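Side-chain atoms are counted along with the backbone in the values below, which use heavy atoms only and exclude waters and symmetry mates. Predicted, not measured: the structure shown is a model, and the values here were computed from it.
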Amino acid sequence: MSSSSSNLLRDVFAALTIAAILVTGYFLYQKSLVGSDYLDDIEEELVDEKFNRDFKFGFDTESHHFETSRIKHNQFVGQILTDNGISYGRVAKLEEKAKDVFDVRNIRAGKRFHLVKKDSCTDNALAFIYEPNPLRYVIYDFRDSVDVKVIEKDYSLIVEMASGEIKSSLWQSMTDQGINPGVIDLMEDALASSVSFYHTKKGDKFKVIYERKYIDGEAVSLGRMLGAYYQNKYGEYYSVYYENDLYTGFYDMEGRPSKKTFLKSPIKGSARISSRFNRRRLHPIKKRRIPHLGTDYAAPYGTPIMAVADGVITKATYSKNNGRYVKMRHDGTYETQYLHMQRFAKGIRPGVNVSQGATIGYVGSTGLATGPHVCFRFWKNRKQIDHLRENFPPAEPMPEDELPGYFEMRDSIRTMLDQIPFAGDLKIESKTIGEAL
Ligand SMILES: [Zn+2]
């Protein structure tokens, strides 16, 4: 077992042991899991112990002036900086230096920034702080030579739980109760192989245990799903998060990976890959560098194209570049797309459920294509990725010698899940569990 995996085990066990005691007593309690072994590369907010002064973004708050605002549409960082006393030369130097750290071109309208000054707003800026998300900030520092740094904020990882019963749809039930919709995605991932979330029914029940990140008492993002339970008319299903050398993710009670597995290719037999996923490809028709965000499988006209996993058709349509194409959603994380089809298979239209291996269309060269092939695109969390490089779970159970370690984890999580009460009449409860030491 790797050391990160044993760290995870220790942390989760620590949280769950305490949690198990507290849940029975219905205590609301907080557990901060921040620790050097949990967050290796955190650079903590500096607190000068000697003078007991407060620091914000590393600047002493007593002797600095902070101006906070949001980036406006069409507002350039260079302009903000020159307006605040930074010379064009230094702005140019900054832009160059920032390229490998946090490129100023990635600064987006609507995001928060801060100008740090010596005394008042009329002073020149000492630093420009940009917050791309609540978990990190970037310091563009002008005090000495120009310097750029990304700082990960210190956060508390809280283990939370929620339970509920479906009244209309899973989304409706969760959002009605103020549960972060991201929890649904995590739960769908955890239970993907045992529960069909396209067929949720009124009266289905669920329980989840997951992590949430907090900064200054405010929830900023979700962490991992640690355990999930679902009950429908077919039975009860559990899923437990576990890390081992083969795969990091969800397993069922017997130690089988609970995530979907995908066919390696949408073409049966040995299709030839004619072009790989490549972010810097020279486009064969357009003759300039255009990223190729898919994998091309060359095959004769009319060759069946298969769905690489169970899912629901979200698109079956035509566009100028893609030609006739199908897009499918497999779970909260994965979608796939199949381009340049000659025609769709019978009955393929949005909203239709298809099984892994089912024919969804036939190879063609519609749209921008030089010959018959299927351009296969793989989406993970709404971004296109190279599926050939993705570490998908193995189809087999985990190795036998991992099982004792897994069973220990499984039993703790399962005990926890079983102790979570079903929230009363359609109510979903979110409780913070753990310690506040
Ligand atoms: Zn392609």
Side-chain angles (χ1 to χ4, degrees), residues 39-46 55-59 64-118 121 123-155 182 213 215 220-223 276-283 286-294 333 377-387 389-390:
L39 307 162
D40 298 330
D41 49 2
I42 272 202
E43 199 166 323
E44 289 187 33
E45 189 75 358
L46 296 168
F55 282 73
K56 194 173 169 186
F57 306 117
F59 293 85
H64 289 95
H65 171 83
F66 295 83
E67 285 166 33
T68 299
S69 186
R70 283 182 194 274
I71 307 276
K72 296 184 189 72
H73 284 282
N74 301 318
Q75 187 178 30
F76 294 100
V77 179
Q79 188 66 51
I80 299 173
L81 295 175
T82 50
D83 286 350
N84 285 278
I86 310 293
S87 69
Y88 288 106
R90 301 196 71 179
V91 170
K93 203 166 157 191
L94 169 94
E95 286 174 352
E96 187 53 40
K97 198 147 188 185
K99 269 183 190 151
D100 300 327
V101 189
F102 193 96
D103 199 322
V104 294
R105 283 178 298 185
N106 292 327
I107 289 177
R108 298 277 173 265
K111 300 282 185 186
R112 207 151 57 155
F113 72 91
H114 315 262
L115 288 163
V116 185
K117 298 180 175 180
K118 191 68 204 160
C121 53
D123 284 341
N124 291 347
L126 299 173
F128 174 84
I129 317 272
Y130 173 70
E131 295 188 82
N133 62 50
L135 287 168
R136 60 211 299 239
Y137 60 89
V138 189
I139 300 188
Y140 299 98
D141 194 336
F142 298 98
R143 280 173 297 179
D144 277 324
S145 61
V146 174
D147 192 31
V148 183
K149 257 193 275 185
V150 176
I151 310 285
E152 305 290 334
K153 287 192 201 169
D154 202 353
Y155 61 82
K213 295 172 184 173
I215 293 177
V220 291
S221 75
L222 288 169
R276 285 185 177 268
F277 187 97
N278 179 355
R279 296 199 187 275
R280 293 181 42 78
R281 177 177 74 155
L282 194 62
H283 196 277
K286 293 191 166 172
K287 301 287 182 214
R288 50 188 174 92
R289 288 210 185 276
I290 297 176
H292 183 231
L293 302 178
T333 307
R377 293 173 174 231
F378 212 100
W379 300 70
K380 182 181 184 181
N381 297 322
R382 289 153 200 92
K383 285 201 183 78
Q384 302 200 60
I385 55 144
D386 184 355
H387 76 288
R389 286 168 180 262
E390 187 72 359

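Residue Gly182 comes nearest to Leu222 through the heavy atom pair C-CD1, 3.4 Å, listed as atom of the first residue, atom of the second, then distance. Asn124 approaches Lys117 most closely through the heavy-atom pair O-CG, 3.8 Å. Nearest heavy atom pair, residue Gly58 against residue Phe55, reads O-CD2, 3.4 Å. In plain terms, the two heavy atoms of Gln384 and Phe277 that are nearest each other are O-CZ, 3.8 Å. Arg90 approaches Asp144 most closely through the heavy-atom pair NH2-O, 2.7 Å. Here the shortest heavy-atom pairing between Lys97 and Val146 reads NZ-O, 3.1 Å.
Atoms CG and NE2, from Asn278 and His292 in turn, are 9.0 Å apart once rounded to the nearest 0.5 Å. Distance CG/Asp154 to CD1/Ile215: 8.0 Å, rounded to 0.5 Å. Note that CG of Leu94 is 10.0 Å distant from CG of Asp141, once rounded to the nearest 0.5 Å. One distance of note links OH of Tyr140 with CD1 of Ile80; it measures 11.0 Å at 0.5 Å rounding. For the atom pair CZ of Arg382 and OG1 of Thr333, the computed distance is 8.5 Å after rounding to the nearest 0.5 Å. Of the inter-residue distances, the one linking Phe66 atom CZ with Phe59 atom CZ reads 7.0 Å to the nearest 0.5 angstrom.
Just one of Arg70, Lys111, His114 meets the side-chain hydrogen bond (donor to acceptor under 3.5 Å, both in side chains) condition when paired with Glu131; it is His114.
Ring centroid separation for the pair Phe128 and Phe113 comes in under the 6.0 Å cut-off.
Under the 4.5 Å side-chain criterion, counting only non-hydrogen atoms from C-beta, Lys380 is not in contact with His387. Under the 4.5 Å side-chain criterion, counting only non-hydrogen atoms from C-beta, Arg112 is in contact with Thr68. Tyr130 places a side-chain heavy atom less than 4.5 Å from the side chain of Arg108. Under the 4.5 Å side-chain criterion, counting only non-hydrogen atoms from C-beta, Thr82 is in contact with Val91. Using a 4.5 Å heavy-atom threshold, the side chains of Ile107 and Phe76 count as separate. Here the side chains of Val116 and Glu67 are not in contact, with every heavy-atom distance at 4.5 Å or above. Within the 4.5 Å cutoff, side-chain heavy atoms of Leu135 are placed close to those of Lys213.
A perpendicular orientation is assigned to the rings of Tyr137 and Phe57, their planes being inclined by more than 60° (bins at 30° and 60°).
Other residues, nucleotides and ligands contribute at most 12 non-hydrogen atoms within 6.0 Å of the CG atom of Asn74.
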Next on the checklist: If you apply the rule side-chain contact (heavy atoms from CB on, under 4.5 Å), what do you find for His64 with Leu126, and how did you get there?
Outcome noted: CA-CA 9 Å; His64 289 95; Leu126 299 173; 3.6 Å; yes
Checklist entry - side-chain contact (heavy atoms from CB on, under 4.5 Å) between Glu95 and Arg105: does it pass, once the steps are laid out? => result CA-CA 9 Å; Glu95 286 174 352; Arg105 283 178 298 185; over 6 Å; no
